[in-house]
Visitor: 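The structure is given below, and queries will be raised subsequently.
The chains referred to below are lettered A, B, ... by the order of the sequence lines, with proteins before strands, and numbering in each begins at 1. Please read these numbers as outputs of a predicted model, since none were measured by experiment. All values below were derived from every heavy atom in this structure, side-chain atoms included, with hydrogens, water molecules and symmetry-related copies excluded.
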Amino acid sequence: MATTIGQIDGFLALKRIAVVGVSRNPKEISYTLWQELRQRRYDAIPVNPAATEIDGKRAYASVRDIDPPVDGALIMTTAAVAEQVIEECATAGIHHVWLYGGLGGGASNAKTIAAAERHGLDTVAGHCPYMFLPGTPVFHRMHGVGKKLTRSYPKAG
Amino acid sequence: MPTAAVVYRSATGTTRRLAEEIGVYLESRGITATVQSVGDADPASLAGVDLVLLGCWTSGLFIVAQHPDEPWMAFVRELPAMGQARVGLFTTYKLATGSMFAKMRAAVGSRATRIDLELKSRDRHLSDAGRGALDRFVALE
């Protein structure tokens with residue numbers, strides 16, 4: 001099922017979000033997006049099994065380890081890893097997931113979408129949150145314009 | 001020992017690095033400085049600080065319509081009246097700051113008695129001129 005603007009707005013209205021796959025490299029999109037969410041006052045929890053701390057914040061190996069639990073998970077791993085993360089989200093009782101999609105690929109493909117649907121998760125499939133956050137730099141807005149031109153922008157609903 | 005709060009909004013890390021350089025420089029001048037993003041800083045905690053420096057990257061369409069972005073504006077809206085604190089503004093930019101400082105000043109409005117510093121950097125580093133401006137800012141009575 002195609003993602004709607006309503007689902008995106010619903011996800012972005014959550015306050016406590018796990019960001020799965022945050023890199024320790026400040027040049028990586030996962031790191032900058034995690035920081036962006038933090039600066040927008042989200043309680044954004046980094047998940048990276050290879051790190052115990054990122055930028056002074058405790059990092060978790062799995063969404064299952066986060067206590068108190070998060071409201072949603074933004075999954076920024078590869079699609080292959082995302083399948084496992086979806087399973088962990090379902091186990092942890094996380095009902096809202098965003099399978100990140102960017103210019104270089106992401107966590108969203110037919111298999112991960114099917115896995116999320118199998119668990120009944122409210123799923124944003126693909127797309128980059130930067131396109132939907134208010135007042136983002138112009139190149140992120142241009143990404144959204146490009147999606148509209150190619151009719152791959154989410155529909156209202 | 002005087003205290004300073006350096007609060008930044010950074011989209012790509014450039015303004016963050018400038019904020020960190022400002023913090024280090026203030027420490028070298030004998031000022032206890034904390035450097036935090038708008039996501040981490042508690043607006044209410046700025047009420048008792050001697051020096052408040054608020055920074056944001058320059059958003060806009062290359063050379064027109066420059067403005068601070070929404071996360072910075074949201075933080076400023078929550079600021080208390082800063083009393084006698086000396087308040088300064090800083091920004092990073094690519095081509096021009098244009099109306100950036102005017103819009104930052106307007107956003108801060110009456111929360112600050114006065115704004116004594118406008119500091120900008122194109123390359124994220126604190127220049128000699130920037131250090132001089134900070135020295136004058138610190139020395140103000």
Visitor: How would you list all residue pairs meeting salt bridge (charged side-chain N to carboxylate O under 4.0 Å, His left out) that involve residues 118-127 of chain A, not counting sequence neighbours?
Guide: Glu87(A)-Arg118(A)
Visitor: Let me know if Trp57(B) has heavy atoms under 4.5 Å from chain A in its side chain, its backbone, both or neither.
Guide: side chain
Visitor: With the threshold set at 4.0 Å, does a side-chain nitrogen-carboxylate oxygen contact exist between Arg136(B) and Asp116(B)?
Guide: no
Visitor: Can we call the ring centroids of Tyr100(A) and Tyr130(A) under 6.0 Å apart?
Guide: no
Visitor: Where on Tyr42(A) is there a heavy atom nearer than 4.5 Å to chain B: the side chain, the backbone, both, or neither?
Guide: neither
Visitor: Are Glu53(A) and Arg58(A) within salt-bridge range, i.e. N to O under 4.0 Å?
Guide: no
Visitor: For Lys155(A), is the NZ atom crowded, meaning more than 12 foreign heavy atoms sit under 6.0 Å from it?
Guide: yes
Visitor: Among residues 40-48 of chain B, which ones touch chain A with a heavy-atom distance under 4.5 Å?
Guide: Asp40(B), Ala41(B), Pro43(B)
Visitor: Using distance alone, with no hydrogens and no angle criterion, decide if Gln66(B) and Thr58(B) have a side-chain donor and acceptor under 3.5 Å apart.
Guide: no
Visitor: After noting the C-alpha distance and the side-chain angles of Arg105(B) and Glu118(B), does the key distance pass the salt bridge (charged side-chain N to carboxylate O under 4.0 Å, His left out) rule?
Guide: CA-CA 10 Å; Arg105(B) 280 178 176 272; Glu118(B) 292 181 354; 2.6 Å; yes
Visitor: Might you confirm whether atom CD1 of Ile5(A) has over 12 heavy atoms from other residues, nucleotides or ligands at distances under 6.0 Å?
Guide: yes
Visitor: Quick check on the structure: residues of residues 10-21 of chain B within a heavy-atom distance below 4.5 Å of chain A, by number.
Guide: Ser10(B), Ala11(B), Arg16(B)
Visitor: Could you tell me whether His119(A) atom NE2 has more than 12 heavy atoms of other residues or ligands within 6.0 Å of it?
Guide: yes
Visitor: Just to verify, what does Gln39(A) make a side-chain hydrogen bond (donor to acceptor under 3.5 Å, both in side chains) with, not counting sequence neighbours?
Guide: Arg9(B)
